[in-house]
Amino acid sequence: MSEQLLGAEPFFNLVDEGWVPVLDTAGRSREVSLREAFHQADEIVTLTGELPTQSVALLRLLLAVLHRATDGPRQVGHWADVRDDWGGTLEAVDGYLDHFHDRFWLQHPEQPFMQVPDLRTAKDEVFGLSRIVCDGPGTSTFLTTRVGADLDTATWPEAARWLLHAHAYDVSGIHSGGVGDPRVKGGKGYGIGTGWAGQIGAIHLVGETLRDTLLLNLLAPDAVGMQIDVDADLPVWERAPLTVLPEGWHPDDDSGRSYRQPTGPVDLYTWPTRRIRLFGTRERATGVINAQGDRATPQNRFTVESMTAWRYSEPQTKAAGQVTYMPLKHDAARSFWRGLEALLPHTSRPVKPGGPDRRRPPALAAWVAELRTDGHLDDRLLRWRAVGIEYGSNESVFDEIVADEIVLPVALLADRVLAQEAVDAVDAAEKAVYALGSLAQNVALAAGGSPESDGPREQVSVRAYAALDQEFRRWVPTLTASADAAERRASWHRTVLRLVSSLADEVVDAAGPAALVGRTSGGQFRDAGLALHWFRKRVREVLPHARPTGRSGPETEEAA
């Protein structure tokens, strides 16, 4: 067993020791302490964890400190004071970190940071750090960031980062059983779900510096309808030290209500999903116990979680007897821009006439709109970053990390007309790509392909979205407050028509003699010429503004 530091003098305080990885404005990668992260925020470009998910966990930790140090913000004016008096803000952060300094020791005999000091298993087992490292055994090698390294040990700065990451993103499934936990059966702690951040599709803003990033993501809950008790919205270090059992847990039911309910965004930024204990020497962390902690259920948490969009769930609505929204997770196979409807306020369509909206935007998007409306943000471009994890095999292993960005004008968040233009542009592109996929499918059928195969549709759709991806990312930042919406719409339709038409020609050129002759499939005759005709007819319908004003007829189609 590793030499354990618990019971000795406190060791490695996160307020003072360098452990937060950053890239500074001079291009240097280095590690800073919590205090330095705030004091050097103007000199830091971004947080740089081993994985994008680690950077998100670090950002949420820093936001929890800033929220509590500034006592809010309570409303937009308060936020402006935090921004404009940055010197005063730093004084408040220093005072806060000094007050809670003893809660940030990574090793402490009574209250180690986000750990349980006396956590043990019935057999007194201690496991390697791979139990909390995202690229350890049982995970995809795609995620490996420490090739050739000893996955069972780590430096203390690394251990601190993976400790935070485990609470945020740990896999579900069976964990070690902590002695004294009545939930343990046969020495095992059975699954309560993944870490909280792993249950959402995290979305946050990225500024030019860390200071800008922190301020943009520092929202006033009441200003965006979250309606929480700010005084009760506490991070883990302002609560009683963690014990084996979750705070307030009782065994009366297993619906998730037997656990303490989240009180707000700060609470969820540092939600202790696991009970963990680190072991090691003064040189390295060499062991860990990772057991089950607090469970947080995702249904209708839009009142307390600010960094995710939400999707209407029919099954959950029926089960709960009330309209229920679930976090909208990111899809590794789908670019962030294709889900723009979920990000922009006032653009979601109802699931049926008179019914609830299909999507709810993140509170953070409503916050940006509020800042713009109140004159605290000019018509600038903002970077939105989407980060998430796809889990495999009953969420018991890491499968793939999702990380994407898009740059949007602030006006899209505050101007309904412009926002709808952006959403309609995505819709038009997807319909055009679908028409292209139908062309590929019809050509394949004309050549004798199987009606059961979606291969031709999928292959050409992937190529189309790859071509459209950079075009959309260049086009959408032009939707500023001064833009001519009709002209921008026509420009986009022409771009989409040009790209899908080019790919359509390639599909037909590669069709081969059998497709040119054609055949009957499913009771309908098809050949390559008919397939191209149907495609052109459909794209004229879905891209009506691609045709230059004052012109009509087939010559426009041929020019495109």
Side-chain angles (χ1 to χ4, degrees), residues 168 172 183 190-203 219-234 246-269 271-273 292-331 339-367 369-370 386 388 391 394-395 413 416 419 423:
S172 187
R183 299 172 298 173
Y190 288 88
I192 62 170
T194 70
W196 172 252
Q199 297 185 46
I200 67 175
I203 297 172
L219 54 72
D222 284 350
V224 291
M226 296 182 78
Q227 298 178 345
I228 66 169
D229 182 353
V230 175
D231 295 324
D233 186 19
L234 305 176
E247 180 185 344
W249 184 85
H250 58 84
D252 292 346
D253 67 75
D254 193 37
S255 66
R257 290 286 166 182
S258 54
Y259 293 87
R260 179 179 70 80
Q261 300 303 298
T263 56
V266 173
D267 191 8
L268 286 175
Y269 287 163
W271 187 262
T273 314
Q292 303 291 8
D294 292 22
R295 178 186 180 191
T297 51
Q299 291 87 348
N300 284 343
R301 295 295 187 193
F302 51 83
T303 60
V304 287
E305 173 57 60
S306 62
M307 285 187 175
T308 187
W310 305 84
R311 61 175 178 84
Y312 171 78
S313 171
E314 183 69 28
Q316 293 288 338
T317 294
K318 289 181 178 179
Q322 62 177 348
V323 173
T324 302
Y325 287 88
M326 300 289 285
L328 182 61
K329 294 186 176 183
H330 304 309
D331 183 350
L340 210 53
E341 177 190 15
L343 176 62
L344 301 179
H346 315 303
T347 60
S348 182
R349 295 161 289 173
V351 293
K352 59 184 178 181
D357 287 343
R358 296 172 61 248
R359 301 284 186 261
R360 289 183 66 101
L364 191 56
W367 173 244
E370 188 74 17
Y391 298 91
N394 296 319
E395 297 189 324
L413 281 299
R416 295 190 183 203
V423 171

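Not a single side chain to side chain contact (heavy atoms under 4.5 Å, CB included) links Asp222 to another residue, sequence neighbours left out. Remark: Arg358 pairs with Glu341 by the salt bridge (charged side-chain N to carboxylate O under 4.0 Å, His left out) rule, at least two apart or across chains. Applying the side chain to side chain donor-acceptor pair (under 3.5 Å) rule to Asp294 yields the partners Arg275; only residues at least two apart in sequence or on another chain are considered. With sequence neighbours excluded, no residue satisfies salt bridge (charged side-chain N to carboxylate O under 4.0 Å, His left out) with Arg359. Applying the salt bridge (charged side-chain N to carboxylate O under 4.0 Å, His left out) rule to Asp231 yields the partners Arg74; only residues at least two apart in sequence or on another chain are considered. When the side chain to side chain contact (heavy atoms under 4.5 Å, CB included) test is applied to Gln199, the partners found at least two apart in sequence or on another chain are Thr194, Trp196, Pro298. With sequence neighbours left out, the side chain to side chain contact (heavy atoms under 4.5 Å, CB included) criterion links Ala320 to Gln322, Thr324. With sequence neighbours excluded, no residue forms a side chain to side chain donor-acceptor pair (under 3.5 Å) with Thr273. In this structure Gln227 satisfies the side chain to side chain contact (heavy atoms under 4.5 Å, CB included) test with no other residue, sequence neighbours excluded. Remark: Thr263 engages Arg239, Asp267 in a side chain to side chain donor-acceptor pair (under 3.5 Å) (not counting sequence neighbours). Judged as a salt bridge (charged side-chain N to carboxylate O under 4.0 Å, His left out), and not counting sequence neighbours, Asp233 has no contacts. Listed by chain and number, the residues in a side chain to side chain donor-acceptor pair (under 3.5 Å) with Tyr312 are Glu314 (sequence neighbours excluded).
Formation of a donor-acceptor pair under 3.5 Å by the His330 side chain with backbone atoms of Ala386 is not found in this model. Checking side-chain atoms of Asp229 against main-chain N and O of Gly264 turns up no donor-acceptor pair under 3.5 Å. Judged purely by atom type and a 3.5 angstrom limit, Arg183 uses its side chain to pair as donor or acceptor with the backbone of Gly293. The main-chain N or O of Thr297 is never found under 3.5 Å from a side-chain atom of Tyr259 such that the two would form a donor-acceptor pair.
The shortest distance between side-chain heavy atoms of Leu219 and Met226 falls below 4.5 Å. Between Tyr269 and Met307 the shortest side-chain heavy-atom distance falls below 4.5 Å. Contact of the Leu343 side chain with the Pro361 side chain is not registered, since no non-hydrogen atoms from C-beta on lie closer than 4.5 Å. Under the 4.5 Å side-chain criterion, counting only non-hydrogen atoms from C-beta, Glu305 is in contact with Leu268. Residues Trp367 and Leu413 are not in side-chain contact: their nearest non-hydrogen atoms beyond the backbone lie 4.5 Å or more apart. Between Thr308 and Pro362, every side-chain heavy-atom pair lies at or beyond the 4.5 Å cut-off. The side-chain heavy atoms of Ser172 and Asn394, taken from C-beta on, include no pair separated by under 4.5 Å. The side-chain heavy atoms of Ser313 and Tyr325, taken from C-beta on, include no pair separated by under 4.5 Å.
Minimum interatomic distance between Pro265 and Ile228 (heavy atoms only, all atoms of both residues): CD-CD1, 3.5 Å. Nearest heavy atom pair, residue Gly355 against residue Pro350, reads O-CB, 3.6 Å.
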- [ ] Give the C-alpha distance, both sets of side-chain angles, the deciding distance and a yes or no for side chain to side chain contact (heavy atoms under 4.5 Å, CB included) between Tyr190 and Gln292.
- [x] CA-CA 8 Å; Tyr190 288 88; Gln292 303 291 8; 5.8 Å; no
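Distance CD1/Ile200 to CZ/Phe302: 14.5 Å, rounded to 0.5 Å. In this structure, the separation between OG1 on Thr317 and CG on Asn300 is 7.5 Å, given to the nearest 0.5 Å.
A donor-acceptor contact closer than 3.5 angstrom is absent between the side chains of Gln316 and Arg311.
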